[in-house]
Amino acid sequence: MHTDGTVSISVNGEHKRVTAGLTILKLAEELGLVPEKIAVERNLEVVPRSTLGEVLVEDGDELEIVHFVGGGDHAGAVTADDSWSVAGKTFRSRLIVGTGKYKDFAQNAAAVEASGAEIVTVAVRRVNVSDPTAPMLTDYIDPKKITYLPNTAGCFDADSAIRTLRLAREAGGWELVKLEVLGEARTLYPDMVETLRATEILAKEGFKPMVYCVDDPIAAKRLEDVGAVAIMPLGAPIGSGLGIQNQVTIRLIVEGAKVPVLVDAGVGSASDAAVAMELGCDGVLMNTAIAEAKDPILMASAMKAAVEGGRLSYRAGRMAKRRYADPSSPLAGLI
């Protein structure tokens with residue numbers, strides 16, 4: 001403690017001097033933050049929200065304060081009896097949308113509404129302590145109405161992904177999460193060794209991880225064995241819009257999985273989403289395809305219709321493919 005009765009601390013990497021004897025709760029209030037909307041890590045240990053009013057800030061403390069930001073989709077033809085479930089939660093919409101790359105939160109919220117999404121992915125980022133009045137995603141998309149799916153976008157090793165999700169659970173209480181551990185920045189392909197390790201640890205800690213992975217049936221099975229509640233193979237590299245590059249392996253994953261399978265990454269158009277559903281996937285997750293469309297709201301509506309149409313097509317059962325023509329009209333009785 002300094003002679004003036006203050007202590008030196010670091011808040012999200014920014015050095016500050018605050019009054020000695022201050023609790024973390026009081027510090028948050030002085031920074032203009034709402035305690036119910038944040039999670040705090042003190043010296044690499046998550047501080048339970050219930051104890052924020054008891055834990056004192058000490059000289060040399062390093063604090064990380066985070067909240068949810070835009071990260072890293074149903075009525076109509078899809079009927080109530082065609083709902084799907086993951087980790088004990090049931091949803092009607094099979095379209096999950098991300099919350100990144102939109103021009104602002106208002107456009108993001110409008111796109112979510114147009115898509116009919118019941119789940120949105122959100123990234124966990126540091127609170128802007130220099131401007132605590134800045135708008136937050138929760139001000140536009142109500143987590144009481146829309147299920148937030150915290151993800152680990154930007155994590156390149158298991159430890160950082162696990163740390164991120166521990167903070168996410170403290171911030172919102174959600175155990176259903178999306179895990180992605182990337183191998184490199186150029187392709188954003190998953191590092192499956194680290195992904196498997198993180199999945200196993202998180203599952204043992206009570207998390208219910210929906211896991212982004214390569215389109216490999218063997219890797220998918222191993223993820224399921226260590227606790228993944230949903231398998232989310234990429235259709236193509238994240239943000240590429242290339243569509244599903246290997247329908248065969250996606251179909252093999254669907255046929256072998258006992259948990260939901262959702263295509264995650266690579267969708268660029270409504271037809272891509274329909275293909276994913278026609279392969280038997282339980283759903284599709286997308287962000288860039290909607291956010292970077294010329295009209296994101298209209299594209300969100302198109303994706304909603306595509307997912308519903310593709311699902312209906314899968315349920316109906318497509319006709320068999322033939323090598324030669326087969327006339328629609330009977331040949332008997334020709335004039």
Side-chain angles (χ1 to χ4, degrees), residues 73-86 89-98 111-121 146-147 149 178 210-215 217 220 229-293 295-322:
D73 306 71
H74 131 97
V78 180
T79 57
D81 64 353
D82 191 41
S83 60
W84 69 287
S85 299
V86 58
K89 295 186 176 182
T90 300
F91 303 93
R92 296 180 66 201
S93 173
R94 294 174 179 272
L95 178 57
I96 301 175
V97 297
V112 170
E113 183 176 0
S115 72
E118 295 174 297
I119 306 175
V120 297
T121 59
I146 301 293
T147 296
L149 187 66
K178 181 195 168 190
M210 301 174 67
V211 187
Y212 166 67
C213 62
V214 293
D215 57 337
V229 299
I231 305 300
M232 307 181 76
L234 56 79
I238 292 174
S240 67
L242 292 172
I244 299 176
Q245 294 297 295
N246 198 334
Q247 296 184 26
V248 174
T249 52
I250 298 292
R251 187 59 183 264
L252 288 173
I253 291 173
V254 170
E255 291 176 353
K258 295 182 176 63
V259 296
V261 176
L262 300 91
V263 164
D264 178 10
V267 170
S269 65
S271 59
D272 297 333
V275 167
M277 298 307 299
E278 288 177 336
L279 289 173
C281 291
D282 294 276
V284 182
L285 190 155
M286 66 183 73
N287 186 178
T288 308
I290 295 176
E292 290 192 357
D295 187 334
I297 313 305
L298 189 59
M299 183 60 80
S301 296
M303 292 300 186
K304 173 185 177 182
V307 168
E308 292 176 352
R311 175 62 181 173
L312 285 175
S313 176
Y314 172 75
R315 291 177 64 195
R318 65 157 293 144
M319 60 166 283
K321 293 183 178 181
R322 302 183 178 95

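Residue numbers count from 1 along this sequence.
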Do the charged groups of Asp82 and Arg92 touch, with an N to O distance under 4.0 Å? no

side-chain contact (heavy atoms from CB on, under 4.5 Å) between Ile244 and Val263, worked out: CA-CA 9 Å; Ile244 299 176; Val263 164; 4.2 Å; yes

Rounding to 0.5 Å, atoms NZ (Lys89) and CD (Glu118) come to a distance of 12.0 Å

Is Val267 close to Val284 at the side-chain level, that is, under 4.5 Å between some pair of heavy atoms? yes

Sequence neighbours excluded, which residues qualify as salt bridge (charged side-chain N to carboxylate O under 4.0 Å, His left out) partners of Glu113? none

Regarding Thr90 and Ser83, do their side chains bring together a donor and an acceptor under 3.5 Å, going by distance alone? no

Note: Lys304 and Gly116 closest approach over all heavy atoms is CD-N, 4.3 Å

Test side-chain contact (heavy atoms from CB on, under 4.5 Å) applied to Val86 - qualifying residues, sequence neighbours left out: Trp84, Phe91, Leu176, Met210, Val229, Ala230, Pro260

Any salt bridge (Lys or Arg N to Asp or Glu O under 4.0 Å) pairs touching residues 230-241, not counting sequence neighbours? none

If you round to the nearest 0.5 Å, how far is CG of Leu285 from CG of Leu149? 7.5 Å

Looking only at heavy atoms, which two atoms of Ala300 and Ala111 are closest? And how far apart? CB-O, 3.4 Å

Let me confirm one number: the CD-CG distance from Glu308 to Leu95, rounded to the nearest 0.5 Å. 9.0 Å

At what distance, to the nearest 0.5 angstrom, does CZ of Arg251 lie from CG of Asn246? 13.5 Å

Would you compute the distance between atom CG of Leu234 and atom OG1 of Thr249 and round it to the nearest 0.5 angstrom? 8.5 Å

Looking only at non-hydrogen atoms, find the nearest pair between Cys213 and Ile231 and report the distance. SG-CG2, 3.6 Å

Using a 3.5 Å cut-off and no angle test, enumerate the donor-acceptor pairs between side-chain atoms of residues 274-282 and protein atoms at least two apart in sequence or in another chain.
unit_1 : atom_1 : unit_2 : atom_2 : d
Glu278 : OE2    : Ser313 : OG     : 3.0
Asp282 : OD2    : Val261 : N      : 2.9

Would you list the pairs meeting salt bridge (Lys or Arg N to Asp or Glu O under 4.0 Å) in which at least one residue belongs to residues 230-240, sequence neighbours left out? none

Results of salt bridge (charged side-chain N to carboxylate O under 4.0 Å, His left out) for Arg318 - residues two or more places apart only: none

Apply side-chain contact (heavy atoms from CB on, under 4.5 Å) to Val120 and Thr147, showing your working. CA-CA 6 Å; Val120 297; Thr147 296; over 6 Å; no

Starting at OG1 of Thr121, measure out to CG of Asp264 and round the result to the nearest 0.5 Å. 8.0 Å

Mind checking what makes ring pair (Phe, Tyr, Trp, His ring centres under 6.0 Å) contact with Tyr314, not counting sequence neighbours? none

Please name all residues satisfying side-chain hydrogen bond (donor to acceptor under 3.5 Å, both in side chains) with Thr288, sequence neighbours left out, ordered by chain then number. Lys101

Which salt bridge (Lys or Arg N to Asp or Glu O under 4.0 Å) pairs, counting each pair once, include a residue from residues 268-277, with sequence neighbours left out? none

Across all chains, not counting sequence neighbours, the side-chain contact (heavy atoms from CB on, under 4.5 Å) partners of Leu242 are Ala236, Pro237, Ser240, Gln245

At their closest point, which heavy atom of Met286 faces which heavy atom of Ala273, and how far apart are they? CE-CB, 4.0 Å

Met299 versus Ile290, closest heavy-atom pair with distance: CG-CA, 4.0 Å

